[in-house]
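Labels below follow one simple rule: chain letters A, B, ... track the order of the sequence lines, proteins then strands, and each chain is numbered from 1. Computed from heavy atoms alone, side chains included, the values below leave out hydrogens, waters and symmetry copies.
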There are 2 protein chains.
Amino acid sequence: MQSSITKVLKAVADPTRREIFHALVVAATAMPITQISGQFQMSRQGITKHLRTLEEAGLVQIHTKGRERFCFADPLPLKEVNHWLKFYERFWDTKLQDLSSYLDSKSD
Amino acid sequence: MQSSITKVLKAVADPTRREIFHALVVAATAMPITQISGQFQMSRQGITKHLRTLEEAGLVQIHTKGRERFCFADPLPLKEVNHWLKFYERFWDTKLQDLSSYLDSKSD
DNA sequence: TTAATATGCAACTATATGGTTGCAAATATA
DNA sequence: TATATTTGCAACCATATAGTTGCATATTAA
């Protein structure tokens with residue numbers, strides 16, 4: 001099976017899914033699928049598929065009420081991404097590789 | 001064209017690419033492709049493809065010396081991912097949606 | 001009861017992705 | 001010069017992904 005962080009990263013790697021997720025976060029309220037898909041050019045089914053991917057990553061939660069399915073954002077899984085990133089933070093502003101160290105390596 | 005952050009997220013969404021990238025970061029030195037691929041089960045060509053994806057995301061830099069191509073990690077593009085994440089940080093530990101707010105919405 | 005609305009499921013398409021193998025070219029070594 | 005090493009390119013394959021449309025079903029409203 002795919003690891004949790006892989007699922008989350010794959011989910012947010014798609015720009016449409018990032019848009020959907022963002023819309024749900026800023027709305028800060030649960031929205032039925034049709035209402036969400038109304039904000040996009042894409043077909044409702046396209047949006048539904050993206051919502052499922054987001055749901056499987058844990059980034060969206062969906063609850064049924066009557067004929068509607070209310071979706072809301074759950075940013076918690078992003079914490080794991082943040083933790084993964086954290087390790088590399090110390091290297092962001094330091095060059096990892098000084099070119100001269102290998103450009104001269106054969107002349108020793 | 002794909003946005004920069006989409007490229008970076010897609011690059012790190014693959015577990016093998018995360019492994020390659022991590023190996024290069026901890027090595028903290030430039031390594032030729034054959035040496036990198038020696039650390040994986042996958043074929044050299046498979047690794048080369050992943051390296052190209054990482055390179056296109058800016059996460060790996062490659063310099064040719066003689067018949068060898070030295071690769072090293074450049075974590076800088078992760079800064080952009082970190083910036084994207086930052087916005088959602090404030091929501092990690094607060095429930096975005098109180099279920100009661102919509103479960104009762106129709107009874108008003 | 002009839003009509004409208006919200007949704008899921010299934011089928012289908014096109015393209016991207018992750019991986020392989022074989023071969024040719026360039027460089028380094030004996 | 002002859003051989004070994006490092007690599008890129010191309011072809012190929014299987015599967016995943018992003019998207020569509022059509023239709024059936026459940027719920028709500030008239």
Taking any heavy-atom pair under 4.0 Å as a contact, classify A:G66: base, sugar-phosphate, or nothing.
sugar-phosphate
Can a side chain N or O of B:H50 be found less than 4.0 Å away from OP1 or OP2 on C:dT17?
no
Using only heavy-atom distances, determine whether the side chains of A:T34 and A:S37 contain a donor-acceptor pair under 3.5 Å.
no
Under 6.0 Å from the ring centre and within 45 degrees of the ring axis: does the NZ or CZ of B:R90 meet both conditions for the six-membered ring of B:F87?
yes
B:E19 atom CD is separated from C:dG18 atom P, nearest whole Å, by 14 Å
Find the distance A:L51:CG to C:dG8:P and express it as a whole number of Å.
9 Å
Side chain of A:M42 - closest among D:dG19, D:dA18, C:dG19
D:dG19
Separation of D:dT17 atom P from A:L54 atom CG, nearest Å, is 13 Å
Nucleotides 7-12 of chain D: which of its N/O atoms have a protein N/O under 3.5 Å away?
from  : atom 1 : to    : atom 2 : distance (Å)
D:dT7 : OP1    : B:I33 : N      : 3.1
D:dT7 : OP1    : B:R69 : N      : 3.1
D:dT7 : OP2    : B:T34 : N      : 2.6
D:dT7 : OP2    : B:T34 : OG1    : 2.2
D:dG8 : OP1    : B:R69 : NE     : 2.3
D:dG8 : OP1    : B:R69 : NH2    : 2.8
D:dG8 : N7     : B:R44 : NH1    : 3.2
D:dG8 : N7     : B:Q45 : NE2    : 2.8
D:dG8 : O6     : B:R44 : NH2    : 3.0
D:dC9 : N4     : B:Q45 : OE1    : 3.3
D:dC9 : N4     : B:Q45 : NE2    : 2.7

Sort out for me which residue in A:V12, A:L59, A:D74, A:V26 forms a side chain to side chain contact (heavy atoms under 4.5 Å, CB included) with A:F21.
A:L59
Expressed as a whole number of angstroms, how long is the span from A:H63:NE2 to C:dA6:C1'?
18 Å
Where A:Q39 and A:A23 come nearest, the two heavy atoms and their spacing
OE1-CB, 4.0 Å
Scan A:H50, A:H22, A:K49 and name whichever one has a side chain to side chain contact (heavy atoms under 4.5 Å, CB included) with A:R17.
A:H50
Could you check how far CZ of B:R17 sits from C1' of C:dG19, rounded to whole Å?
12 Å
If I take atom CD in residue A:Q41 and atom C1' in nucleotide D:dT20, what distance separates them, rounded to the nearest angstrom?
15 Å
If you check every side-chain atom of B:S43, which of D:dA18, C:dG18, C:dT21 has the closest atom?
C:dT21
Taking the basic N atoms (NZ, or NE/NH1/NH2) and the acidic carboxylate oxygens, is any pair closer than 4.0 Å for A:K86 and A:E89?
yes
Determine whether a donor-acceptor pair (N or O, by modelled atom type, separation under 3.5 Å) exists between the side chain of A:T6 and the backbone of A:Q2.
no
Rounded to the nearest angstrom, tell me the gap between atom CZ in B:F40 and atom P in C:dG18.
14 Å
Could you give the CD1-to-C1' distance, from B:I47 to C:dT20, as a whole number of Å?
13 Å
Of A:Q2 and A:G46, whose closest DNA chain D nucleotide lies nearer the 5' terminus?
A:Q2
